Amino acid sequence: MSIEKDQHAKDESATAMGRRYFIKASALVGAGMATGIHESAIAKSPSAVHSSANEHIARKLGELEVSPLGLGCMSMSSGSYNPPRSVAEMEPVIRGAFDEGVTFFDTAEVYGPFTNETLVGEALKPIRNNVILASKFGFDFSNSQRSGRDARPASIRKAVEGMLSRLQTDRIDLLYLHRADPNVPIEDVAGTVGELVKEGKARHFGLSEVSPDTIRKAHKEFPVSAVQSEYSIIERAMENQVLDTCKELGIGFVPWGAVCRGYLADKFNEYSRFSDESRLSSVPYFTPEALANNRKILGLVRSWGAERNLTPAQFSLAWVLSQGDFIVPIPGSTKLHHIRENQGALNVRFSQQELAEFRTQLDAIALVGVRNPDSVLENK
């Protein structure tokens with residue numbers, strides 16, 4: 001967990017309130033404020049969420065069918081945003097997510113490295129055949145530390161053998177290239193994954209943080225099922241051709257950071273500061289200047305959410321989901337009650353008028369610390 005040096009006193013109470021209340025039954029249904037909120041799915045209690053979550057229509061990443069919200073497992077053991085958790089601590093969270101209707105779980109060999117796959121594999125072992133498991137390759141390692149990129153065919157095969165062992169499975173449902181290797185043509189990567197699919201060691205091919213041109217080249221060689229990149233109300237650079245390319249080619253899009261690393265869940269404010277050890281200290285939209293400026297968007301999300309009895313996290317996820325039925329966010333969490341809260345986003349439907357109105361208000365806010373839209377035209 002990030003260490004905050006000078007957290008304002010009001011932040012703690014605001015955070016607790018923002019993250020812990022759930023949707024309540026109200027006159028919203030049929031009132032035209034957030035159209036299509038189903039009373040039976042309103043989260044009056046965790047059991048109410050549980051009873052409705054499994055009824056939501058699945059989404060498709062290419063031909064791969066998954067739950068409309070997945071679970072990003074990185075923070076459980078990577079040490080990026082909080083101290084690593086144990087299998088004993090995280091197993092109830094992962095299994096609880098499955099009970100809530102989540103069938104899509106995301107990990108990678110670099111998380112840890114390697115420890116996250118081990119944790120996820122152990123937790124999912126009893127229900128392996130009932131879930132979709134995604135992992136990623138593409139880095140070189142020296143003394144168990146990342147030391148550059150490596151997507152050579154032989155290295156991909158070696159990485160997959162390690163994944164299968166750590167995840168205690170015989171196949172990876174969605175095998176991603178985590179980051180493009182500038183020294184390896186993307187056609188070679190796609191071809192190697194295609195061979196692994198034929199061998200039954202993988203089922204579908206994915207890419208992460210790549211340009212539209214790279215997506216097209218890879219897809220021509222072997223069908224790409226999903227592209228994973230950061231996308232949220234704040235970080236919208238992917239709207240520059242990437243989303244359109246995925247939609248055109250029938251490729252699913254998997255946003256990580258859909259609640260902006262907790263910011264859009266009302267976890268931080270303009271007074272938040274981070275220690276040098278926290279990964280957040282190196283994120284451009286978490287600088288003091290960005291936090292002060294971007295609070296306008298957080299205020300907008302709070303306002304729209306409050307009018308609809310949604311938490312900021314629920315509203316933020318619902319907005320991302322509303323951008324296309326080929327989009328499947330994977331919010332991360334180490335707490336089951338946050339996962340239950342997130343599932344409330346699946347009960348929200350916005351009218352086109354509402355989406356247009358929100359977008360107009362959103363575009364009027366100049367952001368600090370976000371990606372230049374043209375940056376997505378090159379591999380990250």
Side-chain angles (χ1 to χ4, degrees), residues 17-60 66-72 97 100-104 231-234 236 243 252-255 257-260 262-267 297-333 337-362:
M17 183 177 297
R19 286 294 290 178
R20 293 174 185 168
Y21 81 91
F22 290 92
I23 306 172
K24 298 178 181 178
S26 72
L28 284 177
V29 179
M33 296 177 71
T35 58
I37 300 179
H38 304 295
E39 187 171 358
S40 62
I42 289 174
K44 299 176 183 177
S45 65
S47 61
V49 180
H50 180 282
S51 65
S52 65
N54 292 300
E55 299 171 4
H56 290 291
I57 298 173
R59 293 195 170 194
K60 298 190 77 173
V66 299
S67 54
L69 281 180
L71 178 61
E100 298 298 326
V102 176
T103 63
F104 182 37
Y231 181 58
S232 69
I233 287 174
I234 284 182
R236 305 191 301 279
L243 292 182
F253 184 77
V254 179
V259 290
C260 211
Y263 182 75
L264 291 173
D266 220 354
K267 187 176 181 181
I297 276 198
L298 185 54
L300 184 65
V301 168
R302 286 171 177 159
S303 174
W304 275 71
E307 289 179 3
R308 292 151 179 80
N309 276 4
L310 300 171
T311 67
Q314 288 169 334
F315 179 85
S316 299
L317 287 169
W319 182 87
V320 170
L321 287 162
S322 73
Q323 302 309 297
D325 60 7
F326 63 102
I327 296 176
V328 179
I330 50 167
S333 184
H337 68 271
H338 287 171
I339 294 170
R340 287 173 174 153
E341 176 187 348
N342 292 343
Q343 290 294 98
L346 301 179
N347 308 317
V348 182
R349 302 292 182 273
F350 298 110
S351 69
Q352 290 304 308
Q353 181 179 349
E354 289 174 312
L355 290 173
E357 181 183 350
F358 181 77
R359 176 69 71 159
T360 297
Q361 296 177 19
L362 190 59

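Residue numbers start at 1 and run along the sequence shown. Keep in mind it's a predicted model, so treat the numbers as computed, not measured. Heavy atoms only: backbone and side chains are in, while hydrogens, waters and symmetry mates are out.
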Legend entry - 4.5 Å side-chain heavy-atom contact, F315 and E307: no

Inset, instruction - Examine distances only and state if a side-chain atom of S316 and a backbone atom of P312 form a donor-acceptor pair shorter than 3.5 Å. - result: yes

Legend entry - Minimal non-hydrogen separation, G101 against S67, with atom names: O-CB, 3.4 Å

Legend entry - Closest non-hydrogen atom pair between A313 and E341, with its separation: CB-OE2, 3.8 Å

Legend entry - Closest non-hydrogen atom pair between V348 and A318, with its separation: CB-CB, 3.9 Å

Inset, instruction - Could you tell me whether the side chain of R308 and the main chain of G305 form a donor-acceptor pair under 3.5 Å? - result: no

Legend entry - D325/R59 salt bridge by N-O under 4.0 Å criterion: no

Inset, instruction - Check N309 against Q314 and note the closest heavy-atom contact, atom names and distance. - result: O-OE1, 4.4 Å

Inset, instruction - Starting at CZ of R302, measure out to CD1 of I297 and round the result to the nearest 0.5 Å. - result: 12.5 Å

Inset, instruction - Would you mind reporting whether R236 and R359 have side-chain heavy atoms less than 4.5 Å apart? - result: yes

Legend entry - Distance in Å, E100 CD paired with L69 CG, rounded so as to fall on 0.5 Å steps: 11.5 Å

Inset, instruction - Please step through side-chain contact (heavy atoms from CB on, under 4.5 Å) for the pair I233 and L362, ending with a clear verdict. - result: CA-CA 8 Å; I233 287 174; L362 190 59; 3.6 Å; yes

Legend entry - Beyond-backbone contact of D266 with T311, side-chain heavy atoms, under 4.5 angstrom: no

Legend entry - Spacing of CG belonging to L264 relative to CG belonging to L317, to within rounding of 0.5 Å: 9.0 Å

Inset, instruction - Measure across L298 and Y263 and return the closest heavy-atom pair with its distance rounded to 0.1 Å. - result: CD1-O, 3.6 Å

Legend entry - Between CG on residue L355 and OG1 on residue T360, distance to nearest 0.5 Å: 11.0 Å

Inset, instruction - For residues I327 and P255, report the shortest heavy-atom separation together with the two atoms involved. - result: CG2-CG, 3.5 Å

Legend entry - Distance (rounded to the nearest 0.5 Å) between W319 CH2 and S232 OG: 7.5 Å

Legend entry - Interatomic distance, R340 atom CZ to H337 atom NE2 [nearest 0.5 angstrom]: 10.0 Å

Legend entry - Mutual orientation of the aromatic rings belonging to Y231 and F253 [parallel < 30°, tilted 30-60°, perpendicular > 60°]: perpendicular

